[in-house]
Amino acid sequence: MIRPVAQFSEDFDADAGPPPERARAPGRFPYLDGLNPEQRAAVEALDGPVLVLAGAGVGKTRVLTTRIAHLIASGRARAHEILAVTFTNKAAREMRERVSVFTGSHQGMPWLGTFHSIGVKILRMHAELVGLRSNFTILDTDDQLRLMKQVLQAENLDDKRWPARALASLIDGWKNRGLDPAHVSPSESAAFAGGRGAALYAAYQARLKTLNAVDFGDLLLEALRLFRENPDVLELFQRRFRYILVDEYQDTNAVQYLWLRLLAQGRGNVCCVGDDDQSIYGWRGADVDNILRFETDFPGARVIRLERNYRSGGHILGLASGLIAHNRGRLGKTLFTDAPMGEKPTVTGVWDSQEEARVVGEAIEQAQRDGTSLDDIAILVRASFQMREFEERFITMGLPYKVIGGPRFYERAEIRDALAYMRCVAQPDDDLAFERIYNTPKRGLGEATLAILHEFGRRAGVSLMRAAQMLIETEELKARPRQLLRELLKSFDRWHQRSGEIAHEELAQVVLEESGYVDMWKAERTPDAAGRLDNLKELVRSMGEFPDLGAFLEHVSLVMDVESADAGERVSIMTLHAAKGLEFDLVFLPGWEEGLFPHQRSLDDNGRSGLEEERRLAYVGITRARRAAKILHAANRRVRGLWQTSVPSRFIEELPPDHVEIEETASASGFGGYGVSRFDAAGFGSRYETPGSRRAEQWTRREEAGAYGRGGLRPAEPRGLPRPAPSAGFAAGARVFHLKFGPGSVVASDGPKLTIDFDRAGRKLVMESFVTAEP
DNA sequence: ACCCTCGCATTTTTT
DNA sequence: ATGCGAGGGT
């Protein structure tokens with residue numbers, strides 16, 4: 001339960017009057033001057049729980065940063081006593097920059113960051129309390145998946161029928177909801193491998209612990225567990241954080257909420273900023289209810305609405321408001337503006353996606369002639385496959401564009417390989433990194449050898465690298481792989497030594513060259529090889545921005561992306577999700593068709609709440625526009641290679657007519673030269689008036705039949721730490737049995753290494769853990 | 001051990 | 001259409 005923190009400072013109550021009359025020492029807080037009354041209230045309501053409902057374009061970031069400045073300037077807290085959490089690194093960076101304008105850059109904000117980065121920081125301080133060492137590694141999705149596969153294989157599950165991906169997303173969901181394996185209900189556990197879901201989750205967690213690793217979900221879940229199980233540590237942080245600020249509160253999931261609530265129970269000074277109408281991440285665990293419940297969760301909470309919009313023209317605002325009004329379960333906010341009505345948003349029907357791209361391209365050229373910068377124009381799509389049509393069109397037109405949110409830098413194969421090398425140098429026990437590069441570039445080491453390393457490592461409870469080190473001393477491996485492995489280990493030894501001598505970026509250069517990795521790409525004559533080499537150069541360069549290898553690797557695992565400063569004006573193409581928080585003069589919203597937007601999958605999986613989230617996405621899209629918004633829908637679209645006819649989105653019918661202009665291009669309205677008759681015959685001639693009942697279910701739904709409820713529950717086989725090899729301590733003369741070499745007699749022993757005369761295979765040097773006493 | 005071919009799936013995405 | 005992964009063939 002939350003301790004009620006109802007009393008506000010008298011300071012605040014005294015402020016209830018109209019702001020201009022307030023006679024604070026004039027000029028003492030100059031940053032308050034430019035704020036409107038609501039913004040100012042949000043900045044000055046420092047004590048107790050506060051919910052700031054900040055609609056689109058109301059100056060939310062300004063309020064947050066000014067609030068931080070005010071906390072510091074008014075002497076309530078010092079910078080290191082303020083916890084400020086965001087969701088993205090970008091938001092954190094932006095906030096940091098803007099705060100430093102007020103505070104001077106010398107006073108950093110050590111506790112301003114993403115949920116994950118703050119989680120890591122706290123976990124590193126108290127790692128041992130959750131069964132980790134403080135230098136734990138953070139696995140990305142790739143490592144996570146490979147580990148999951150290993151777990152599935154160890155359990156002898158058909159990875160066709162029970163794909164690692166599915167398990168990963170299941171576990172992710174559980175972690176998002178704050179559930180550890182013991183708390184997964186049997187009915188949910190039944191969703192995977194006939195009830196073994198929770199057991200697999202437990203096995204996966206055990207593997208993570210032995211690797212001294214966490215995945216992204218753990219950064220939050222373990223941070224929560226830390227606080228739950230260690231009240232003294234919790235209290236430490238409750239006292240440290242005199243004030244807590246949370247950005248994008250509508251995007252918090254259950255773990256984040258629970259974690260925040262624990263911290264907020266201390267001082268009760270928690271300020272959450274968000275907009276229930278912009279909650280678009282339900283599919284990855286965000287729970288809008290968190291923001292809807294705020295006043296119940298934090299009794300005595302003050303709610304401040306920021307409704308004065310500084311971004312868009314009146315018609316755009318009216319359009320967005322009219323649309324979002326169709327959602328139930330809102331906290332309710334009405335954006336208004338003093339700006340003129342401006343341009344009416346348009347809805348344009350086109351024949352197909354090609355025409356859509358063409359129409360948009362032409363409109364952009366027109367806007368450009370009228371003086372709009374390409375940087376101020378964006379195309380916001382529902383699904384990324386829609387981007388291609390625009391890209392192709394823009395390339396033929398010679399229109400510069402950029403795709404926001406494409407494959408990220410640190411996710412590229414060459415970057416991940418290079419990072420794996422560096423991880424192996426920095427942390428020789430990082431098995432996942434070792435596996436990744438152990439035969440990259442191809443050095444003749446295959447699955448068979450890796451399996452032996454795994455087997456030995458598991459039995460002896462050591463990492464792959466250590467297992468390899470031990471095994472090359474023996475004859476367990478065939479001569480060739482043994483030699484190859486020896487060379488690889490020698491290289492790592494050498495690099496490890498040099499890591500103390502030369503700068504880390506220099507070391508990276510050396511490693512990439514000596515390992516043959518650079519040569520591998522040089523030898524590859526594919527078109528993108530050159531780009532990959534460039535990326536590697538960029539990687540080495542960017543390492544120089546960090547004090548040491550460890551700091552760099554930490555940054556990479558948390559940030560996953562690199563800032564790209566590209567010159568020249570460009571149109572932006574991105575998904576609606578990626579557009580949140582951005583704004584443009586001119587926004588194109590293509591693909592407003594049933595099945596695509598709202599997306600069929602969203603409807604199928606989540607029904608009404610799915611639909612409402614889609615509608616919020618539409619709301620986000622429209623409110624990105626400052627001057628003009630242009631909605632388009634195509635009658636025909638190619639999906640997965642085949643053409644489908646489509647019906648305009650129900651969202652189009654929901655738009656308030658006063659704020660929208662309906663247009664049809666010649667070809668779509670049936671007057672042009674394209675397949676008129678077919679189009680009209682299909683009944684799309686007046687499709688704006690088409691009743692919702694006409695919406696065809698043309699998007700085939702995928703059935704996941706048989707995935708649930710199959711089989712009974714099975715008790716989980718406990719999978720703990722790797723069992724240490726039974727140390728039988730074979731003395732000379734003992735009779736032993738080796739799986740590969742058969743029976744033999746021990747001649748001599750040197751620690752775990754045994755010299756054995758095998759009855760059939762002759763004298764061999766093998767690891768003790770590979771032999772058993774002769775039956 | 002490596003390469004090639006076949007089959008399958010394909011919303012949204014941060015950390 | 002396309003790309004990725006797995007399995008089989010060389």
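In what follows, every chain begins at residue 1, and chains take the letters A, B, ... in the order their sequences are listed.
Taking atom CZ of A:Phe597 as the reference point, atom P of B:dT11 lies 16 Å away to the nearest angstrom. In this entry the distance linking NE2 of A:His577 with P of B:dT12 reads 9 Å, nearest Å. Separating the CG atom of A:Asn176 from the P atom of B:dT13 is a distance of 17 Å, rounded to the nearest angstrom. Rounded to an integer number of Å, the gap from CZ of A:Arg388 to P of C:dG3 is 8 Å. For A:Ile404 and B:dT14, the CD1 to C1' distance is 16 Å, given to the nearest whole Å. Atom CZ in A:Arg637 sits about 14 Å away from atom C1' in B:dT11, given to the nearest Å. For A:Lys580 and B:dT13, the NZ to P distance is 13 Å, given to the nearest whole Å. Distance A:Arg412 CZ to C:dC4 P: 13 Å, rounded to the nearest Å.
Contact between the side-chain N/O atoms of A:Thr575 and the OP1/OP2 oxygens of B:dT13 is found at a separation under 4.0 Å. In terms of phosphate contacts, A:Ser384 brings a side-chain nitrogen or oxygen within less than 4.0 Å of OP1 or OP2 of B:dT12.
Taking a centre distance below 5.5 Å and an interplanar angle below 30 degrees as the stacking criterion, A:His116 does not stack against the six-membered base ring of B:dT15. Under the stacking criterion of a centre-to-centre distance below 5.5 angstrom and an interplanar angle below 30°, A:Trp283 sits stacked against the six-membered ring of B:dT12.
Of all nucleotides listed (C:dA6, B:dT15, B:dT13), B:dT15 comes nearest to the side chain of A:Thr88. The side chain of A:Arg284 sits closest to B:dT14 out of B:dT11, B:dT14, B:dT15.
Under the side-chain hydrogen bond (donor to acceptor under 3.5 Å, both in side chains) criterion, A:His577 pairs with A:Trp283, not counting sequence neighbours. Taking A:Lys60 as the reference, A:Asp247, A:Glu248 meet the side-chain hydrogen bond (donor to acceptor under 3.5 Å, both in side chains) condition, with sequence neighbours excluded. When the side-chain hydrogen bond (donor to acceptor under 3.5 Å, both in side chains) test is applied to A:Thr252, the partners found at least two apart in sequence or on another chain are A:Asn290. For A:His555, the ring-ring contact (aromatic ring centres under 6.0 Å, His included) partners are A:Phe546, not counting sequence neighbours. By the side-chain hydrogen bond (donor to acceptor under 3.5 Å, both in side chains) test, A:Gln483 pairs with A:Arg486, A:Glu487, sequence neighbours left out.
Between A:Arg637 and the choices A:Glu593, A:Glu389, A:Gln644, the side chain to side chain donor-acceptor pair (under 3.5 Å) rule is met once, by A:Glu593.
Each of A:Ile280 and A:Val559 was matched to the nucleotide of DNA chain B holding its nearest heavy atom; the match closer to the 5' end belongs to A:Ile280. The nearest heavy atom of DNA chain B to A:Asp605 and to A:Thr141 marks one nucleotide each, and the one closer to the 5' end goes with A:Asp605.
Within the model, atoms OG1 of A:Thr141 and CZ of A:Phe216 stand 6.0 Å from one another, a figure rounded to the nearest 0.5 Å.
Within the nucleic acid shown, A:Ser557 has no heavy atom closer than 4.0 Å to any nucleic acid atom. Residue A:Arg638 is classed as having no contact, given no heavy-atom separation below 4.0 Å to the nucleic acid. Within the nucleic acid shown, A:Asn89 comes within 4.0 Å of sugar-phosphate atoms alone, with no base atom in reach, counting heavy atoms only.
Using a 4.0 Å cut-off between charged side-chain N and carboxylate O, A:Arg225 and A:Glu222 make a salt bridge.
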Measure all distances between protein nitrogen or oxygen atoms and nitrogen or oxygen atoms of nucleotides 1-6 of chain B, and list the pairs falling under 3.5 Å.
from	atom 1	to	atom 2	distance (Å)
B:dA1	OP1	A:Gly446	N	2.8

